[in-house]
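To start, the structure itself, in structure tokens.
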Amino acid sequence: LSVVLLAVAAMLISSFVRLSRQEAGFRSERVWVGGIGLPPTKYPDPATRGRFAERLQAELQTAPGVEAVSMADAVPLSGNSSRSPYARADGNPVPVNQRQLGLTRSVSPGYFRTLGIPLLAGRDFTAQDKLDSPLVVVLSNSTAKKLFPNENPIGRQILFGTENGNGLAAEVIGVVGDVRSQELAKPNDVEFYRPWPQRSWPFLNVIVRSATKPEATAGIVRSALNKIDNGLPILQPNTLDAIVAQSLGQQKLTMTLLGVFAGIALLLAVVGIYGAVAYTVEQRTGEIGVRMALGAQTTDVLRLVVRQGMNPVILGLIIGLAGTFAVGRLIAAQLYQISPHDPFLLSAATIGLAISALLACLIPARRATLVDPIQALRTE
């Protein structure tokens, strides 16, 4: 059991380390995020929501300490997302009810610059991409390769929604780098970006990159918001670094708990082996004295005691390795870029436990070599 727990804990720890170092495709440092809910009575349609976002962004762009600012319906790794049915506009588009759903984000101009997402081709959204302007869309790199393999996607048309039977066509104006926006362990096959005015919601996130502390950034946003609508609260203010860390919360909890259990198992195994061997040495004091009186050397006594203590340990290690292979199939889905049968981790766990067991055997074995043969025989 100790072998299984140690090996699985080593796998989860190694997996977590790799996952936490995984490039997300965006820069989260010095980015503050806060939500704003727009009451339907004041902001009943896309036009009013678009004007609100435009005014707030303009106010923040001129604020001291603000390097970049944008609006979005959701931020990466926050757990919030929306999807839209899509299809290429050329050829014969599949019926709407048979179309796949693609992750779709509504963002304002400057979103990619704020999060450090590289623009690979085409252009970013601008203030001219308004509600009454032609529909446009920016694709992630993976989306461009999937929908337009070996083709230039710029200028092509993609159908969104269910309006007018087939939907409304949006022109591809740009391609950006891939972002792991839903799970850090899993890239998105399809991700679209639409201009906020053309696809808005009653809730938006303000994203600010600044050189100030999060508390100061929150104050800057509050001041700018008061100039537009002082009755709107800022909901769930946070940093993007904290949001990324929270997305790893489940993996971190699992790793920590199993690591603690593995440590306890190792301690119990060592204490148990030490106690068993020490008890055996005490019971065999007379025999050891006779052996030493008949000429047994210190190394002979050490070998005798260690062999007796390590034989069941070796058997336990073999059974534990077999158990680890069986359990590995169950935890494979929780591992990131780590095989459940990783030879290095299995060897490290096995060797570590074997060395601990050997040390637990050596302490009473060393005590056995100090037995006085005359005293031992007199006791008998």
Side-chain angles (χ1 to χ4, degrees), residues 1-21 251-289 291-292 296-332 334-373 376:
L1 288 176
S2 297
V3 172
V4 173
L5 284 171
L6 282 173
V8 172
M11 292 175 195
L12 287 176
I13 292 172
S14 180
S15 173
F16 180 81
V17 170
R18 293 199 180 196
L19 184 58
S20 60
R21 293 177 178 174
Q251 293 92 331
K252 186 175 183 179
L253 177 62
T254 303
M255 177 197 70
T256 302
L257 288 176
L258 202 57
V260 170
F261 290 146
I264 294 173
L266 177 60
L267 179 62
L268 290 175
V270 171
V271 171
I273 292 168
Y274 171 81
V277 176
Y279 178 75
T280 301
V281 169
E282 184 178 352
Q283 294 296 105
R284 299 178 65 182
T285 300
E287 175 194 340
I288 293 172
R291 289 176 180 271
M292 295 183 70
Q297 301 298 314
T298 300
T299 54
D300 298 325
V301 176
L302 278 174
R303 192 179 301 113
L304 171 70
V305 176
V306 170
R307 184 190 303 119
Q308 184 175 8
M310 288 300 292
N311 281 340
V313 170
I314 293 172
L315 179 61
L317 292 176
I318 295 172
I319 297 174
L321 279 175
T324 302
F325 274 92
V327 173
R329 300 189 185 95
L330 301 178
I331 66 165
Q334 301 182 39
L335 299 179
Y336 180 70
Q337 294 183 350
I338 292 291
S339 168
H341 305 138
D342 186 285
F344 174 77
L345 294 178
L346 292 178
S347 300
T350 305
I351 294 172
L353 186 54
I355 292 175
S356 300
L358 181 60
L359 292 175
C361 291
L362 281 175
I363 296 175
R366 176 61 180 168
R367 190 178 302 147
T369 63
L370 302 178
V371 171
D372 183 355

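Worth saying up front: this structure is predicted, and the values here are computed from it rather than measured.
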Within a 6.0 Å radius of atom CG on Leu1, are there more than 12 heavy atoms belonging to other residues, nucleotides or ligands? no
Straight-line distance of [X] [atom1] to [Y] [atom2], nearest 0.5 Å:
X      : Y      : atom1 : atom2 : result
Leu12  : Gln251 : CG    : CD    : 10.0 Å
Ile338 : Ile13  : CD1   : CD1   : 11.5 Å
Ile351 : Leu6   : CD1   : CG    : 13.0 Å
Arg307 : Ile314 : CZ    : CD1   : 10.5 Å

Just by modelled atom types, is the Gly320 backbone N or O under 3.5 Å from a matching donor or acceptor in the Thr324 side chain? yes
Ser15 side-chain N/O to Met11 backbone N/O, donor-acceptor pair under 3.5 Å: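 No, the answer is negative, given that no donor and acceptor are paired below the 3.5 Å cut-off.
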Quick one: closest heavy-atom pair of [X] and [Y], and the distance?
X      : Y      : answer
Leu346 : Ala7   : CD2-CB, 3.9 Å
Ala354 : Leu317 : CB-CD1, 3.7 Å
Ser2   : Ala265 : OG-O, 3.2 Å
Phe261 : Leu5   : O-CD1, 4.0 Å

With side-chain contact (heavy atoms from CB on, under 4.5 Å) as the criterion, how do Leu253 and Leu257 come out once you've worked through the C-alpha distance, each side chain's angles and the decisive distance to 0.1 Å? CA-CA 6 Å; Leu253 177 62; Leu257 288 176; 4.0 Å; yes
